[in-house]
Amino acid sequence: MELKIASRIDSSGIRKRFTTRTFNSFVTNTAPRKRAFDIAKRYADGWDEISENGTGLYIEGTNGTGKTHLAVAIALQLMQGDKASVLFRTAGDMFLDIRNSFNNPSRTEKQVLDVYRKVDLLIIDDLGKEQCTDWAISTLYSIVNERYEDLKPIIITTNYNSDGLVEALTPKGCDDLKVRAIVSRLREMCQVITMAWKDYRIGK
C-alpha cells in the first residue's frame, strides 16, 4: 500500500521538497493562519461532497505565506486516503508539458489536455507568474472551462486577486476578454482563501 501511495504522489507532479507539506506541519500560530488552515482542512475532509459539486479553491496572497503548502496538504491527504487522482503543476510546467506533445507522436496534444481536463483534482500553482501568449491563454481557457462545465474541482494558488490576475495573464497587445472569462469561472467555482502576512522565508 505504501508503494502504491508513493507511486501516486510521484506521478502527481508534487516535487520531493513538498512531500512533507502536510496539514500537521502547517503552523497555525495566528488567527489568519488558523482560518486558512481550517478552510483547507474542511475541503480535504469534505472531498466526497466536493467531488460531486465541483467546488475548488482560489488561494491568493503574498509570497511565503503557505499557499502551496495548503494546496499540497490537501493533495497528500486525498492521495493517501485513496480518495482522488491529483495533478499538481506550476502554470509554466503545465504549458511546457502541453507544448512538448507537439512533436511527440506517442503522446498527442489531445491526450495531454485530457489528463488536465479529467483528473479528479487539478492544482495549478503560482498562476500569473508566467508571461502568457495567446496560445497559452486559449489552452488555459479550454482546461478551466471544461472542468467548470463538468463540475471538476480545481485549486489555484496565485499572488493576485481577480483584477491583478487578469492583468498578469493578459498577453501584451491582446484584449483581456478571454482572461476575464477564465477568472470569472474560477471565482464562481472556487472558494477564496486570502493569505497575506509575513513571508516565512525572510525569517529563516
Side-chain angles (χ1 to χ4, degrees), residues 8-9 12-15 17-91 94 116 119-129 140 143-144 147-148 150-166 168-169 182-203:
R8 188 180 297 132
I9 292 172
S12 73
I14 295 174
R15 304 290 175 85
R17 176 178 293 275
F18 299 124
T19 55
T20 58
R21 303 294 208 270
T22 63
F23 284 115
N24 287 338
S25 64
F26 188 82
V27 177
T28 57
N29 57 349
T30 66
R33 291 183 68 90
K34 181 66 164 59
R35 179 179 179 277
F37 172 91
D38 287 344
I39 294 172
K41 190 65 169 69
R42 283 197 301 270
Y43 186 90
D45 292 344
W47 176 255
D48 289 343
E49 180 180 352
I50 284 165
S51 62
E52 292 296 322
N53 63 32
T55 302
L57 291 176
Y58 185 102
I59 309 177
E60 62 181 20
T62 48
N63 290 325
T65 54
K67 299 184 300 296
T68 299
H69 188 141
L70 287 182
V72 170
I74 292 168
L76 292 175
Q77 178 172 317
L78 295 180
M79 288 186 287
Q80 288 165 350
D82 202 17
K83 290 279 191 177
S85 60
V86 178
L87 192 59
F88 178 95
R89 292 285 192 277
T90 65
M94 180 180 72
Y116 286 95
V119 66
D120 295 333
L121 175 62
L122 174 62
I123 301 174
I124 304 178
D125 193 39
D126 271 342
L127 186 61
K129 287 283 183 69
L140 181 61
I143 292 168
V144 170
R147 295 189 69 83
Y148 170 81
D150 287 346
L151 297 179
K152 290 280 191 180
I154 187 170
I155 294 177
I156 298 294
T157 76
T158 181
N159 290 139
Y160 301 99
N161 61 17
S162 295
D163 290 340
L165 187 59
V166 169
L169 289 178
I182 292 169
V183 174
S184 175
R185 282 161 175 75
L186 289 175
R187 285 297 200 168
E188 180 180 343
M189 67 195 293
C190 294
Q191 181 178 4
V192 177
I193 303 178
T194 301
M195 301 174 69
W197 45 78
K198 184 178 178 181
D199 185 338
Y200 82 94
R201 299 186 189 98
I202 294 175

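Keep in mind that the numbers below use all heavy atoms, side chains included, and drop hydrogens, waters and symmetry copies.
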Evaluate Ile193 against Tyr43 for side-chain contact (heavy atoms from CB on, under 4.5 Å), listing each step before the verdict.
CA-CA 11 Å; Ile193 303 178; Tyr43 186 90; over 6 Å; no
Interatomic distance, Met189 atom CE to Leu151 atom CG [nearest 0.5 angstrom]
8.0 Å
Apply side-chain contact (heavy atoms from CB on, under 4.5 Å) to the pair Ile74 and Phe23, showing each step before the final yes or no.
CA-CA 8 Å; Ile74 292 168; Phe23 284 115; 3.7 Å; yes
Test item: Arg21 side-chain N/O and Thr68 main-chain N/O as donor-acceptor pair under 3.5 Å
no
Are side-chain heavy atoms of Asn161 and Thr194 found at a separation under 4.5 Å?
no
Quick check against the 3.5 Å criterion: does Thr65 have a side-chain atom that pairs as donor or acceptor with the backbone of Trp197?
no
Flag side-chain contact, heavy atom, 4.5 Å: Leu169 against Tyr160:
no
Just say parallel, tilted or perpendicular for the rings of Phe26 and His69, cut-offs at 30° and 60°.
perpendicular
I need the minimum non-hydrogen distance between Ile155 and Ala71, along with the two atoms involved.
CG2-CB, 4.1 Å
Electrostatic pair Asp125-Lys67, nearest N-O below 4.0 angstrom
no
Which distance, rounded to the nearest 0.5 Å, do you find between the CZ of Phe37 and the CD1 of Ile39?
12.0 Å
If every non-hydrogen atom of Ile50 is compared with every non-hydrogen atom of Pro153, which pair is closest and at what distance?
O-CG, 3.9 Å
Does Val119 reach the side chain of Lys152, with side-chain heavy atoms less than 4.5 Å apart?
no
Determine whether more than 12 heavy atoms belonging to other residues, nucleotides or ligands lie under 6.0 Å from atom NZ of Lys41.
yes
Which atom names give the shortest non-hydrogen contact between Ile123 and Ala75, and what distance separates them?
CD1-CB, 3.8 Å
Tell me, do Glu49 and Thr55 make a side-chain contact under 4.5 Å, heavy atoms counted?
no
Donor-acceptor pair, side chain of Ser12 and main chain of Val86, under 3.5 angstrom:
no
OG1 of Thr19 to CG of Leu76: how many Å apart, nearest 0.5 Å?
7.5 Å
Working to the nearest 0.5 angstrom, can you tell me the gap between Met195 CE and Thr62 OG1?
8.5 Å
Leu127 and Ala91 have their tightest heavy-atom pair at CD1-CB, 3.8 Å
Gap between atom CD1 of Ile156 and atom CG of Leu186 - 0.5 Å precision
5.0 Å
For Met94 against Ile143, the heavy-atom pair lying closest together
SD-CD1, 3.9 Å
Check the pair Leu122 / Arg147 against side-chain contact (heavy atoms from CB on, under 4.5 Å), numbers first and verdict last.
CA-CA 9 Å; Leu122 174 62; Arg147 295 189 69 83; 3.7 Å; yes
Under the side-chain contact (heavy atoms from CB on, under 4.5 Å) criterion, do Ile124 and Arg89 qualify, and how do the steps go?
CA-CA 5 Å; Ile124 304 178; Arg89 292 285 192 277; 5.9 Å; no
Any donor-acceptor N/O pair, Thr157 side chain to Asp126 backbone, under 3.5 Å
yes
Between atom CG of Leu121 and atom NZ of Lys83, what is the distance when rounded to the nearest 0.5 Å?
14.0 Å
Here the pair of heavy atoms bringing Trp47 nearest to Asp120 is CH2-O, 3.8 Å
